[in-house]
Enquirer: 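Below you'll find the structure I mean.
Just so you know, these numbers use all the heavy atoms, side chains as well, and skip hydrogens, waters and symmetry mates. Residue indices begin at 1 and follow the sequence shown.
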Amino acid sequence: MKTIFSILNKVLLLIISVLVFFLSHPNQLFENGLGFFGYFIYLPVLVLVEKSSLKTVFLWGGFYGALSYGLFAFWLKNFHPLTLYIISIVYFLIFSLVFVILKVIQKSFLVYFWIVSCIFLCAFEYLKTLGFCGFSYGVSSYTQWTNLYLIQICQITGVFGLNFLIIFPSSFIFGAYINYKNRNKIDFKNQFIPNKNKNFHINNFIENEKNEKKLSWKKYYICSAVWLFLMCISYIFGFYTINNHKKNAQNYNYVNVVAVQNNEDPWKNGLAEYSKNIKNLKNLTEETFDFYDKIDFVIWPETAVVPPVLTHYQGGKDKKRQEVILSLLKFINEKEAVFVIGNSYEQKNSTGNIDRYNSVFVFEPQKNVIPPQPEVYSKIHLVPFTEYFPFKEKFPKFYKRLLNGDTQMWEKGVEYKVFYNKNLNFSTPVCFEDTFGDDCRKFVKNGARAFFNLSNDAWSKSSVCQTLHLSMAVFRSVENKVPSVRSTSSGQTCIINEYGKVIAKAPAFCESYVIGKIPLLKDFTLSVYSRFGDYAGKIEVFSILLILIIKLFSVIIKKVCK
């Protein structure tokens with residue numbers, strides 16, 4: 001009976017852990033997520049680890065990883081059901097290891113286990129965004145995306161510095177809970193009690209235990225005071241930054257931008273479908289010109305124009321596609337606005353084969369439209385497995401299966417391109433590139449003063465997926481102090497100011513557009529984050545490695561001395 005109750009207790013903790021993680025981020029029930037839950041994401045997780053044995057903790061970790069990310073990223077099934085299974089399996093394995101490490105930390109670090117756990121979780125969230133399979137979704141800081149005053153600190157620390165402030169309460173409350181739970185425990189069996197002849201009294205022993213407990217609580221008081229101080233400083237900094245921006249905004253010059261949302265179905269293809277999509281884009285754009293006297297930039301979504309413009313302009317065998325492209329170029333060339341559009345860029349490589357890039361073309365009427373000689377940015381951070389697979393030579397059969405699926409493999413771009421038009425320096429991160437802080441800050445370091453993001457999340461058929469993407473894109477503006485314009489195929493098409501406020505947004509899953517102004521930032525200075533990137537995440541990784549190495553050496557030395 002006791003065993004059944006223990007298992008049910010753990011199952012309840014597992015369910016609570018999954019729900020807290022799920023609800024803290026944008027979800028089906030709460031569009032923006034319950035950000036306050038973000039401060040407690042890991043509290044039930046740490047309790048679950050504490051109540052599990054070292055032999056079974058990996059299993060509970062696996063269940064947590066599979067359920068939390070399976071529920072969180074449910075929209076992946078609309079791309080391919082197998083994708084959801086893969087991410088559930090991957091996070092089953094990842095959190096199996098995470099839970100084991102947390103259990104070892106709890107057993108090894110005594111009164112300091114809670115702060116070591118906090119540093120480890122911060123380091124883990126940074127590490128999971130790196131590499132070929134890096135996944136930024138689910139980082140704790142993103143739960144605070146609507147808390148504008150707090151997130152301004154990311155100009156200095158990036159999201160992984162803010163992460164410490166968000167994760168700390170979970171570890172702190174758990175540590176206080178364990179300390180309180182063990183307040184009356186005096187383990188006489190494992191204590192060395194001196195010989196009675198040496199004048200030892202049990203009352204002295206108990207008094208020493210009380211003094212040690214007072215000292216341990218003192219550590220909690222000090223740490224909580226430091227956390228509160230850092231939170232206050234962050235809010236004060238945010239309040240000052242935003243209010244200072246409001247005072248200076250009236251001194252800026254602006255350019256007018258239009259971000260178009262054509263609401264296309266990415267699963268439909270063929271010339272008739274492509275022609276219809278281009279026609280919709282042209283009609284929506286024409287409507288904005290009727291509505292607004294002067295438009296400087298028109299932005300269309302990722303691969304909004306599917307037939308490669310440069311290839312089909314030359315004609316070849318497909319005359320109908322050439323007609324579509326010629327009509328498009330004629331339309332652009334008659335306008336006065338700079339057009340920023342998503343298209344495929346094809347180029348012969350040294351072997352004579354064609355390399356294809358997921359690219360952005362920038363057209364300036366009467367200059368580089370007819371014949372088409374656009375400025376080009378090619379996407380650098382490609383989506384793993386669906387856009388890029390670096391191990392095709394080692395796993396040719398698996399790569400062939402990927403090609404036979406509904407995927408389009410691209411080559412990687414190499415340059416963090418900055419465009420200059422209409423007195424504005426801007427860069428064009430494509431799709432989920434604006435979920436990676438280190439990628440976007442390289443654009444700004446190269447001279448960009450605005451982001452024009454071109455995305456296509458229509459495949460997800462989920463407003464939750466699109467809002468999750470938006471919640472991360474907000475931080476790219478905050479970290480680098482530059483505005484963003486997002487043109488998406490189905491949502492969230494919007495304009496974000498340089499302090500993370502969404503100032504205009506089109507409704508999802510409909511043909512629409514947003515019109516707004518982008519400031520030409522004067523006397524721009526790079527933020528600390530733009531200069532140094534994710535140094536906070538690197539410090540967290542270095543710190544946890546150093547702590548674990550020191551602990552390992554201390555254990556070895558103790559054994560040798562014995």
Enquirer: Do F22 and F72 have ring centroids that are under 6.0 Å from one another?
Expert: no

Enquirer: Restricting to side chain to side chain donor-acceptor pair (under 3.5 Å), what partner residues turn up for N446, sequence neighbours left out?
Expert: none

Enquirer: Is a side-chain donor or acceptor of S136 paired with a backbone partner of T435 at a separation under 3.5 angstrom?
Expert: yes

Enquirer: Inspect the contact between E334 and K330 and indicate whether a charged nitrogen and a carboxylate oxygen are less than 4.0 angstrom apart.
Expert: yes

Enquirer: Let me see the working for W145 and I151 under side-chain contact (heavy atoms from CB on, under 4.5 Å), right down to the final yes or no.
Expert: CA-CA 7 Å; W145 72 285; I151 67 176; 5.6 Å; no

Enquirer: State which residues pass side chain to side chain donor-acceptor pair (under 3.5 Å) with N280; sequence neighbours excluded, sorted by chain then number.
Expert: E511

Enquirer: Report yes if some heavy atom in the side chain of L150 is under 4.5 Å from a heavy atom in the side chain of M231; otherwise report no.
Expert: yes

Enquirer: Would you say N453's side chain and C431's backbone share a donor-acceptor pair under 3.5 angstrom?
Expert: yes

Enquirer: Would Y149 and F239 count as a close aromatic pair, with their ring centres under 6.0 Å?
Expert: yes

Enquirer: What is the distance from atom CG of D457 to atom OG1 of T467, rounded to the nearest 0.5 Å?
Expert: 10.0 Å

Enquirer: With a 4.0 Å cut-off, would you call K320 and E323 a salt bridge?
Expert: no

Enquirer: My understanding is that only residues two or more places apart in sequence, or in another chain, count here; which of them pass side-chain contact (heavy atoms from CB on, under 4.5 Å) with K505?
Expert: E31, L470, Q492, C494, V502

Enquirer: Between N78 (side chain only) and S460 (backbone N and O only), is there a donor and an acceptor less than 3.5 Å apart?
Expert: yes

Enquirer: Please list, chain by chain and in numerical order, all residues satisfying ring pair (Phe, Tyr, Trp, His ring centres under 6.0 Å) with H469, sequence neighbours excluded.
Expert: none

Enquirer: Parallel, tilted or perpendicular: which fits the ring planes of Y69 and F21, with parallel below 30° and perpendicular above 60°?
Expert: tilted

Enquirer: For residues S462 and F74, report the shortest heavy-atom separation together with the two atoms involved.
Expert: OG-CZ, 3.8 Å

Enquirer: For S24, check side-chain contact (heavy atoms from CB on, under 4.5 Å) against everything at least two apart and list the hits.
Expert: F37, I41, T143

Enquirer: Just how far is it from atom OG of S527 to atom CZ of F524, taken to the nearest 0.5 Å?
Expert: 6.5 Å

Enquirer: Other residues, nucleotides and ligands only: do more than 12 of their heavy atoms fall within 6.0 Å of OH on Y252?
Expert: yes

Enquirer: Please identify each residue that fulfils ring pair (Phe, Tyr, Trp, His ring centres under 6.0 Å) with W459, with sequence neighbours left out.
Expert: F79

Enquirer: Taking side chain as C-beta onward, heavy atoms only, is S489 less than 4.5 Å from N262?
Expert: yes

Enquirer: Rounded to the nearest 0.5 Å, how far does CD1 of I153 lie from CG of L230?
Expert: 8.5 Å

Enquirer: Listed by chain and number, what are the side-chain contact (heavy atoms from CB on, under 4.5 Å) partners of I515, not counting sequence neighbours?
Expert: V258, T288, F291, Y292, Y513

Enquirer: Salt bridge check, R476 against E479: does any charged N sit closer than 4.0 Å to a carboxylate O?
Expert: yes

Enquirer: What residues, two or more places apart in sequence or in another chain, satisfy ring pair (Phe, Tyr, Trp, His ring centres under 6.0 Å) together with F475?
Expert: Y142

Enquirer: State the CD-CG distance between Q155 and N480, to the nearest 0.5 angstrom.
Expert: 9.5 Å

Enquirer: Applying ring pair (Phe, Tyr, Trp, His ring centres under 6.0 Å) as the test, list every pair that has at least one member in residues 354-377; sequence neighbours left out.
Expert: Y377-F443

Enquirer: Applying ring pair (Phe, Tyr, Trp, His ring centres under 6.0 Å), name anything that partners Y274, two or more places apart in sequence or on another chain.
Expert: none

Enquirer: When you look at V360 and F452, which way does the side-chain contact (heavy atoms from CB on, under 4.5 Å) test go after all the steps?
Expert: CA-CA 10 Å; V360 176; F452 292 169; over 6 Å; no

Enquirer: Could K335 and E286 be called an ion pair, given the rule that one side-chain N must be under 4.0 Å from one carboxylate O?
Expert: yes

Enquirer: Can you list the steps and then say if L468 with W75 is a side-chain contact (heavy atoms from CB on, under 4.5 Å)?
Expert: CA-CA 11 Å; L468 282 166; W75 31 268; 3.5 Å; yes

Enquirer: Given side chains that start at C-beta, do those of S378 and W410 come closer than 4.5 Å, heavy atoms only?
Expert: no

Enquirer: Any donor-acceptor pair under 3.5 Å linking the side chain of Q144 with the backbone of G35?
Expert: yes

Enquirer: Under the 3.5 angstrom rule, does the side chain of Q366 hit a backbone N or O of N333 as a donor-acceptor pair?
Expert: yes

Enquirer: Compare all side-chain heavy atoms of F135 with those of V90 and state whether any distance is below 4.5 angstrom.
Expert: no

Enquirer: Under 3.5 Å, which donor-acceptor pairs do the side chains of residues 297-306 form with other protein atoms, sequence neighbours left out?
Expert:
{"residue": "W300", "atom": "NE1", "partner": "T285", "partner atom": "OG1", "Å": "3.0"}
{"residue": "E302", "atom": "OE1", "partner": "N456", "partner atom": "N", "Å": "3.0"}
{"residue": "E302", "atom": "OE2", "partner": "N358", "partner atom": "ND2", "Å": "2.9"}

Enquirer: Taking P308's backbone N and O only, do any of them form a donor-acceptor pair with E346's side chain (distance below 3.5 Å, no angle check)?
Expert: no

Enquirer: Is a side-chain donor or acceptor of N27 paired with a backbone partner of V464 at a separation under 3.5 angstrom?
Expert: no

Enquirer: Around atom NZ of K279, are there more than 12 heavy atoms from other residues, nucleotides or ligands closer than 6.0 Å?
Expert: no

Enquirer: Please determine whether the number of non-hydrogen atoms from other residues, nucleotides or ligands lying under 6.0 Å from atom CD of Q28 exceeds 12.
Expert: yes

Enquirer: Any carboxylate oxygen within less than 4.0 angstrom of a Lys/Arg side-chain nitrogen, looking at K442 and D438?
Expert: yes

Enquirer: More than 12 non-hydrogen atoms from neighbouring residues, nucleotides or ligands closer than 6.0 Å to NZ on K422, yes or no?
Expert: yes

Enquirer: Where is the tightest heavy-atom contact between D434 and A473, given as atom of each residue plus distance?
Expert: OD2-CB, 3.3 Å

Enquirer: Donor-acceptor pair, distance only, cut-off 3.5 Å: does the side chain of N253 make one with the backbone of L520?
Expert: no

Enquirer: For the atom pair OG (S234) and CG (L162), what is the distance rounded to the nearest 0.5 Å?
Expert: 7.5 Å

Enquirer: Crowded around D293 CG? As in, over 12 foreign heavy atoms under 6.0 Å?
Expert: no

Enquirer: Would you please test F160 and V139 for side-chain contact (heavy atoms from CB on, under 4.5 Å) and show each step?
Expert: CA-CA 9 Å; F160 298 107; V139 170; 4.2 Å; yes

Enquirer: Working to the nearest 0.5 Å, report the span between CD of E264 and OG1 of T488.
Expert: 10.5 Å

Enquirer: Can you find a heavy atom in the side chain of P26 that is under 4.5 Å from one in the side chain of N32?
Expert: no

Enquirer: Minimum heavy-atom separation for S463 to F509, with atom names?
Expert: N-CE1, 3.7 Å

Enquirer: Could you tell me which residues satisfy side-chain contact (heavy atoms from CB on, under 4.5 Å) with T525, sequence neighbours excluded, listed by chain and number?
Expert: K481

Enquirer: For P519 and L424, which heavy atoms make the closest approach, and how far apart are they?
Expert: O-CD1, 4.3 Å

Enquirer: Between Q152 and L148, is there a donor-acceptor pair closer than 3.5 Å when you use the side chain of the first and the backbone of the second?
Expert: yes

Enquirer: Per the side-chain contact (heavy atoms from CB on, under 4.5 Å) rule, which among D534, V444, T157, I156 passes with Y529?
Expert: D534

Enquirer: Is K294 reaching over with its side chain to a backbone N or O of V255, donor-acceptor style, under 3.5 angstrom?
Expert: no

